[in-house]
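Have a look at the structure below before the remarks.
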Amino acid sequence: MRLSSAFVPTLKEVPSDAVIPSHILMLRSGMIRMVGAGIYSFLPLGYKVIQIISEIIREEMNAIGGQEFHLPALNPRELWEATNRVEAFGDTMFHIKNRDYVLAPTHEEIMTFHAKGVVKSYKDMPQIWYQIQTKFRNEARPRGGVIRGRQFLMKDAYSFDTTWENLDAAYDLHDKAYRNIFDRCGLKYFVVGASSGAMGGSKSEEFMVRSDAGEDTVAHCESCGYAANIEVAQSVTSRAERKSESKDIYNISTPNVKSIDELCEFLKINERETAKSRVYIHNGAPVLILMSGNDEVNETKLGAILSGNIRPAHPEELKEITGADAGSIGPIGLKGRIIADNRIKSANNLYSGANKNDFHIGGIDFDRDVKNIEYFDLRIIQSGENCARCVATIDVFKAIELGHIFKLGTKYAEGLGANFVDENGEEHPIIMGSYGIGVDRVMACYIEQNFDERGIIWKKPLAPFDIHLIGLNMKKESIVETCNDLYLELQENGYSVILDDRTDASAGFKFNDADLLGMPIQIVVGEKNLNQGKIEIKLRSTNEKQIVELNHLFEKLKELK
RNA sequence: CGGGGCGUAGCGUAGCCCGGUUAGCGCGCCUGCUUUGGGAGCAGGAGGCCGCAGGUUCAACUCCUGCCGCCCCGACCA
């Protein structure tokens, strides 16, 4: 590719609507352009990366026996009614106005439709079918450039099996293939066990990449690999120690003291000596939740403990239930269920609300004063806490979901009537798995992990070109000739090359563009070096530069490879 | 969908509060000359329904109303 005639519209300034690094850099490097909120065009350079990633995915999918399909994005709505997913998707599904069609947000239905009546004997399985295509979702709020779009490129695979054991095998194959794919892409990722949500099905794993631009918050242990969504991440923080002497309970006048911080300030105590109260309504009945100090209640964990309907109590209800407003509530004298976090299990000498405005109670001993108290892990885990599995500490950060594999089961086969006949002539629904990768997300995530203040840093596997060849003064005959020769020679030797042969761009301009585009190796042909038969090689990742004899270039490149 | 912000030339922006010249600047673009190892210099030039519609006014980029679009936070996210 010659930059003088290529469409690579680089931007010197940061477009005002881009905020996260990958979005900014994809725009600035001329790889994408926005057409509408969450709708992007991939320009030649960007599409090249998409194709490279797709090819890696294709190779790994084919290696586990996957067969590639090309499916319609336009689907009869009927097909989606059969599995109840028109309703399930709701507003996030695009509906065509002048036909009874929808734009496919994923392809379980279509794939199952093709399996139905064709994959009908146990002898026809296993099958792994996949596609790499555009999907459409009417996202309420697109964000992060290509990371959450209304239209995006996805690799979706579906497995068809006769038994749950065989599904396990298909699942494991995908798990391995996904690791190969993300490894080959040079991504630093980790795997989180997750609930499969509205997709239905049982076991699932998410492949995540750490990024401030992420939409999920996860807890991860570098040491043992434990990773979980913050909503379910186990907290094993050390417990408050029980003091040898238990004081008697006593009332304290605490005018205008509401928050834990105010209470600690007022009494000159540590927050660990306090028990914070939250009241929830569970199936119509109040439940008091006690947390240590300012620890937050993790409502997902609470929901897992108390099945049914749970919501925080309204201010009026608080008064009615406890006799006090928020800020003065506590366990002493309160009827009803009381649940406390493990962190303050069997603690004593605690301070909490008195259920009377402007009063707190000190000297509370849970073992002595709060009968029928129950203890659970209710905290939201925080960075630096101990890992639940090993001795290392947990890191909590934002992450982007790149891939998701899960065992679907028979939901779609049942919905659409895709059955097969087993060895005994009995009919069963096909057992399916579903496995997705956000292709444009892979690209964005790679960039999120590989950039500096000058631009993108591509490494070999995903780089749109191996070498950025820069001719500094393209009005000098010798430089033009050398560049043209090298351009061809390098390609003949298997390197992909982008040649900056622009006559009107100054040296600095070309250097900056090269750093922005970020090809792994830059080769600079300039007059001074060339007069001595030399050229310069620069590595984008380390900024390491060396002057090399022109006729030793290929040996040098081999060393670098 | 709730909250906040923004919309002025291809990009980044000033002006708007407090209405009144020909809407200004930087980058980019075009022409010419010079320049070519870290975002070149000089000279000349083109490019604007100031998001759209309505209203107020002698007069609207500026004030008011409605709509549209985009960004951020939240809700949501197979």
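Every chain is numbered from 1 and lettered A, B, ... according to where its sequence line falls, protein lines coming before strand lines.
Residue A:M93 is out of contact with every strand shown, counting any heavy-atom pair closer than 4.0 Å. A:G36 comes within 4.0 angstrom of sugar-phosphate atoms only, judged by non-hydrogen atoms across all strands, and of no base. Among the heavy atoms of the strands lying under 4.0 Å from A:D513 is at least one base atom, whether or not backbone atoms are also near. Across all strands shown, A:A505 has heavy atoms under 4.0 Å from base atoms, whether or not it also approaches the sugar-phosphate. Residue contacts for A:L472: at a heavy-atom cut-off of 4.0 Å it reaches a base atom on one of the strands shown. A:T92 comes within contact range of no nucleotide atom at all, as no heavy-atom separation falls under 4.0 Å. Residue contacts shown for A:D17 are limited to sugar-phosphate atoms, with no base heavy atom under 4.0 Å away. Residue contacts for A:K510: at a heavy-atom cut-off of 4.0 Å it reaches no nucleic acid atom on any strand shown. Across all strands, A:D515 comes closer than 4.0 Å to base atoms (heavy-atom distances). Within the 4.0 angstrom heavy-atom criterion, no nucleotide atom of any strand lies near A:R33. Residue A:P105 is classed as having no contact, given no heavy-atom separation below 4.0 Å to the nucleic acid. Using a 4.0 Å heavy-atom distance criterion, A:A37 is classed as a sugar-phosphate-only contact. Counting any heavy atom pair closer than 4.0 Å across all strands shown, A:K135 reaches no nucleic acid atom.
Using a 4.5 Å cut-off on side-chain heavy atoms (C-beta onward), A:I523 and A:E536 make no contact.
Checking A:S434 against A:E108 by side-chain atom types alone, a donor-acceptor pair falls below 3.5 Å.
Between A:S16 and B:U13, a side-chain N or O to OP1/OP2 separation shorter than 4.0 Å is present. Distances shorter than 4.0 Å separate some side-chain N or O of A:S506 from OP1 or OP2 on B:A40. Within the 4.0 Å cut-off from OP1 or OP2 of B:C76, not a single side-chain nitrogen or oxygen of A:R148 is found. Under 4.0 angstrom from either OP1 or OP2 of B:C71 there lies no side-chain N or O belonging to A:R143.
In this structure, the nucleotide among B:C73, B:G39, B:C77 sitting nearest to the side chain of A:R141 is B:C73. Picking from B:C72, B:G38, B:G12 the nucleotide with the shortest atom distance to the side chain of A:V19 gives B:C72. For A:E215, taking side-chain heavy atoms from C-beta onward, the closest of the listed nucleotides B:C77, B:U35, B:A75 is B:C77. The side chain of A:V524 sits closest to B:G37 out of B:C1, B:G37, B:C71.
In a base pair of the Watson-Crick type (N1 to N3 plus N6-O4 or O6-N4) or a G-U wobble (N1-O2 and O6-N3), with each distance short of 3.5 Å, B:A59 is matched with no nucleotide. Base pairing analysis places B:C25 opposite B:G12; the two distances defining the Watson-Crick or G-U wobble pair are each below 3.5 Å. Nucleotide B:C33 has B:G41 as its partner under the Watson-Crick or G-U criteria, with both atom distances under 3.5 Å. Across all strands shown, nothing is found opposite B:C49 as a Watson-Crick or G-U wobble partner with both distances under 3.5 Å. Summarising the base pairing, B:G74 is matched to B:C1 through a Watson-Crick or G-U wobble pair whose two defining distances lie under 3.5 Å.
A gap of 32 Å separates the P atoms of B:G66 and B:G24, to the nearest Å. Annotation: B:G19 and B:U57 have their C1' atoms spaced 9 Å apart (nearest Å). Distance noted for atom P between B:C58 and B:G12: 38 Å (whole Å). Separation of the P atoms belonging to B:G37 and B:G47 is 36 Å when rounded to the nearest angstrom. One C1' atom belongs to B:G54, the other to B:A60, and the distance between them is 13 Å to the nearest Å. For the P atom pair drawn from B:G44 and B:C27, the interatomic distance equals 15 Å after rounding to whole Å. When the C1' atom is used for both B:U22 and B:C64, the distance is 28 Å, rounded to whole Å. Only the P atoms considered, B:A9 is 10 Å distant from B:G48, to the nearest whole Å.
Rounded to an integer number of Å, the gap from A:N229 CG to B:C77 C1' is 12 Å. When the P atom of B:A75 is taken as reference, atom CD of A:E299 falls 11 Å away, rounded to whole Å. In this entry the distance linking CZ of A:R150 with P of B:C76 reads 18 Å, nearest Å. B:G39 atom P lies 17 Å from atom CG of A:L517, rounded to whole Å.
Side-chain N/O atoms of A:E527 and base N/O atoms of B:G37 include no donor-acceptor pair closer than 3.5 Å.
Judged by distance alone, the side chain of A:N298 and the main-chain N or O of A:L378 form no donor-acceptor pair under 3.5 Å.
Summarising the local packing, CZ of A:F190 is surrounded by more than 12 heavy atoms from other residues, nucleotides or ligands at distances under 6.0 Å. Crowding of A:Y280 atom OH: a count of heavy atoms from other residues, nucleotides or ligands under 6.0 Å exceeding 12. The environment of A:Q67 atom CD is dense: over 12 non-hydrogen atoms of other residues, nucleotides or ligands sit within 6.0 angstrom.
Judged by the 6.0 Å and 45° rule, A:K48 forms a cation-pi pair with A:F465.
Using a cutoff of 4.0 Å between basic side-chain nitrogens and carboxylate oxygens, A:E544 and A:K538 are not scored as salt-bridged.
Closest of all the heavy-atom pairs between A:L318 and A:A313 is CD2-CB, 3.9 Å.
Between A:R28 and A:V35, the residue anchored nearer the 5' end of RNA chain B, judged by the nucleotide with its closest heavy atom, is A:R28.
Aromatic stacking is not marked for A:F509 over B:G39, as the cut-offs of 5.5 Å for the centres and 30° for the planes do not both hold.
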